[in-house]
**Student:** 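Here it is, the structure in full.
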Amino acid sequence: MRPVNDREPRANEVLLDEADGLDLKTLCRCDLLFTVEKSKLSRRRGIVTLARRREIARRIIQGLAIAGL
């Protein structure tokens with residue numbers, strides 16, 4: 001999801017950018033998850049930095065805790 005007017009990420013989002021291999025700043029929502037078979041993935045856009053992977057994981061865990069899972 002592209003951020004409108006470069007707003008700050010919400011509590012359930014992480015901002016990804018050029019450091020993660022993306023051309024534009026992109027908000028990664030951590031409260032809406034889909035599963036996909038790895039074999040269906042065909043193109044790699046980049047590699048999310050370790051710090052942002054940790055932040056994404058933390059926000060997913062927080063979201064699951066709020067949902068009572």
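All values derive from a computational prediction rather than experimental measurement.
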**Student:** Count the heavy atoms of every other residue, nucleotide or ligand shown that sit under 6.0 Å from CD of E8, and state whether that count exceeds 12.
**Tutor:** no
**Student:** Output every pair passing salt bridge (charged side-chain N to carboxylate O under 4.0 Å, His left out) with a member in residues 60-69, not counting sequence neighbours, ordered by first then second residue.
**Tutor:** none
**Student:** Identify every side-chain donor-acceptor pair in residues 62-69 under 3.5 Å, counting partners at least two apart or on other chains, and give the distances.
**Tutor:**
none

**Student:** Under 3.5 Å, which donor-acceptor pairs do the side chains of residues 36-50 form with other protein atoms, sequence neighbours left out?
**Tutor:**
residue: T49; atom: OG1; partner: D20; partner atom: OD1; Å: 3.4
residue: T49; atom: OG1; partner: R52; partner atom: N; Å: 3.4

**Student:** Can you name the side chain to side chain donor-acceptor pair (under 3.5 Å) partners of D31, sequence neighbours left out?
**Tutor:** N12, R29
**Student:** Can you tell me how far CG of L22 sits from CG of D17, rounded to the nearest 0.5 angstrom?
**Tutor:** 7.5 Å
**Student:** As an exercise, state the distance from CG of L16 to CD of E18, rounded to the nearest 0.5 Å.
**Tutor:** 10.5 Å
**Student:** Are any of the side-chain heavy atoms of R10 and L27 separated by less than 4.5 Å?
**Tutor:** no
**Student:** Looking at T35 and L33, would you say the former's side chain and the latter's main chain have a donor-acceptor pair under 3.5 Å?
**Tutor:** no
**Student:** Using the test side chain to side chain donor-acceptor pair (under 3.5 Å), find all partners of R58 that sit at least two apart in sequence or belong to another chain.
**Tutor:** E55
**Student:** Does any part of the side chain of C30, heavy atoms only, come nearer than 4.5 Å to the side chain of I56, both counted from C-beta?
**Tutor:** yes
**Student:** L32: which other cluster members, linking ILVMFWY side chains closer than 4.5 Å, directly or transitively?
**Tutor:** F34
